[in-house]
There are 2 protein chains.
Amino acid sequence: MSKNLTQQLTHKLGEAIVKGDYPIGTRMPSEAVLCEQFEVSRSATREAVKMLSAKGLISSRPKQGITVNPETLWNLYDSDVLVWILKSKPSLQLLKEFTEVRFAIEPMAAKLAAENATPQQIKDIEQALYRISEAEEGLEDQLDAHLNFLNMILVASGNRFFIQLTQFVDAALRVSIRYTNQVKGISNTDVTFHVKVFNAIKDGDANTAQALIYEVLSDAVVLIESRL
Amino acid sequence: MSKNLTQQLTHKLGEAIVKGDYPIGTRMPSEAVLCEQFEVSRSATREAVKMLSAKGLISSRPKQGITVNPETLWNLYDSDVLVWILKSKPSLQLLKEFTEVRFAIEPMAAKLAAENATPQQIKDIEQALYRISEAEEGLEDQLDAHLNFLNMILVASGNRFFIQLTQFVDAALRVSIRYTNQVKGISNTDVTFHVKVFNAIKDGDANTAQALIYEVLSDAVVLIESRL
DNA sequence: AATCACATATTTATATGATAAATGAAATGA
DNA sequence: TCATTTCATTTATCATATAAATATGTGATT
């Protein structure tokens, strides 16, 4: 739980909005009413409204009130927003779209990592690889290790936009893993696969790195398609 | 100019932060000092701080004050943040990274558009194509037409994450176009190229659509690489 | 000397009341 | 009919007071 009132309210309202409790295009309750309903001061309410505006979910203007923005304006790349959606309205369709993004990004990131990774970053990936091999059988532990490996590759790409996605991918996968109750496409149980990826990056073999990541993601797509 | 004080302050502080006026990891002036410096009330200041927090630029805690977050936490996919960076610290390096993202996203979007576009969306793309052919010689007008064409493809992908990127790509390209003073890689002057893209999407020829977009982007990469 | 508990000071967090500004809608007048 | 003005509603802004969180320092205890 977030500690302060503003953040609590931000999360509550954020989830409610993406859930559809306040339909798109309609007015939300006015400031005063929100204060009453959630029993917080105007300060807290206004600050929460501002945070949600900053994330693109709502806009507020005098007289017109607080209105829910069309979905195209929502900052889906904001981890909060994405998690709210995945939690409130989990859908395989969204997971499919998310996987398409991973499909676009991750092979390219692996390619760039092979081209640009610093010696330290290579060591970090190797360390992540070690964590995978040492991971207990417990799902949590394995998931952590695999996400760490993936994140290290994104970081090693040296591209700030990809690096920024670490939180995004991390957050989304943690939620979606609960939903599908599957690790396939995220954590290939065969660690030799990750060794191959690591070697390709270490050797600067961009095309191989790209192809390998592409391959593991294909599993994820097949998995989701089969359930749609 | 944004109309209200909170937003003005948000933009001022946001630009100042990405510019490096408040170095990463350091404390920003306290709430009270910011009020004095910018001559606004605490409400406005606090609301601006909340908006910047929501965008990942800063965090604030009692006693510790307001601190600038590491760059990895900044929401680069937030159009505001991206534009602030491009305006305050324009760099070819960032443009290169941005282009790498386009490289990852746009061919995939074209592929998905070929697979999923609705009849109406195909019409929209055709309409965008018409605008390109009709565009005056003026750079502004051409740029608008080309960005519109691109946006229509992203929308037609049917993937919410790609659709969300329209604003992101739009904003970034408008700024970068001023910086490089080049349209290459954004608007291929030869309209027959766009006709090919359109036809591929209309005919559901996913691979061709993907390859064509890949091709036009290659120009952009070559252009930027040559100037780095 | 080291460590733990506690007091203290600083900063943000929250609450509240008052006034200003923006804006959509209704009333007015030519 | 249309432009203008008035009015009511809602957010925006300001000001002030109090609470809560927390880093730092202090002193007692071992």
Side-chain angles (χ1 to χ4, degrees), chain A residues 1-17 21-70 73-74 80, chain B residues 1-17 21-70 73-74 80:
Chain A
M1 267 296 161
S2 1
K3 6 190 172 187
N4 67 50
L5 279 182
T6 298
Q7 300 212 0
Q8 279 178 265
L9 185 55
T10 303
H11 279 253
K12 280 185 198 168
L13 288 178
E15 284 189 23
I17 290 168
D21 289 352
Y22 306 107
I24 289 168
T26 65
R27 281 194 186 189
M28 294 192 51
S30 74
E31 220 174 82
V33 175
L34 288 175
C35 291
E36 271 192 18
Q37 286 183 348
F38 293 91
E39 297 180 310
V40 294
S41 70
R42 294 212 327 278
S43 323
T45 304
R46 285 189 58 79
E47 285 166 19
V49 166
K50 289 300 167 188
M51 296 194 82
L52 293 173
S53 303
K55 292 175 187 297
L57 265 60
I58 58 180
S59 12
S60 68
R61 287 166 52 197
K63 177 73 180 177
Q64 186 181 316
I66 306 164
T67 57
V68 180
N69 285 341
L73 292 179
W74 298 0
D80 284 335
Chain B
M1 263 300 161
S2 357
K3 6 191 171 186
N4 68 49
L5 278 181
T6 298
Q7 299 211 1
Q8 280 177 265
L9 184 55
T10 304
H11 278 254
K12 281 185 196 169
L13 288 178
E15 283 189 23
I17 290 169
D21 290 352
Y22 306 107
I24 289 168
T26 66
R27 281 194 186 191
M28 294 192 52
S30 75
E31 222 174 77
V33 175
L34 288 176
C35 291
E36 273 193 18
Q37 287 183 348
F38 293 90
E39 296 179 311
V40 294
S41 71
R42 285 194 52 212
S43 321
T45 304
R46 284 189 58 80
E47 284 167 18
V49 166
K50 290 300 168 189
M51 295 194 84
L52 293 173
S53 303
K55 291 173 187 299
L57 265 59
I58 57 181
S59 18
S60 68
R61 286 167 53 196
K63 176 72 181 179
Q64 183 181 317
I66 305 164
T67 56
V68 180
N69 285 341
L73 293 180
W74 299 359
D80 284 334

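Atoms considered below: every heavy atom in the structure, side chains included; atoms not considered: hydrogens, waters and symmetry mates. A note on names: the letters A, B, ... follow the listed sequences, proteins ahead of strands, and every chain is numbered from 1.
- The CG atom of Asp80(B) sits 10.0 Å away from the CD atom of Glu15(B) when rounded to the nearest 0.5 Å.
- Annotation for Gln64(A): atom CD counts as buried by contact number, over 12 foreign heavy atoms lying within 6.0 Å.
- Environment of CD in Gln37(A): crowded, with over 12 heavy atoms of neighbouring residues, nucleotides or ligands closer than 6.0 Å.
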Base versus backbone protein contacts along nucleotides 10-16 of chain C [heavy-atom cut-off under 4.0 Å; B, S, -]: BBSBBBB

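- Each of Ile66(A), Leu13(A), Leu9(A) was checked for a side-chain contact (heavy atoms from CB on, under 4.5 Å) with Thr45(A), and the lone residue meeting it is Leu9(A).
- When each of Arg46(A), His11(A), Lys50(A), Glu47(A) is paired with Thr6(A), the side chain to side chain donor-acceptor pair (under 3.5 Å) condition holds for Glu47(A) and for no other.
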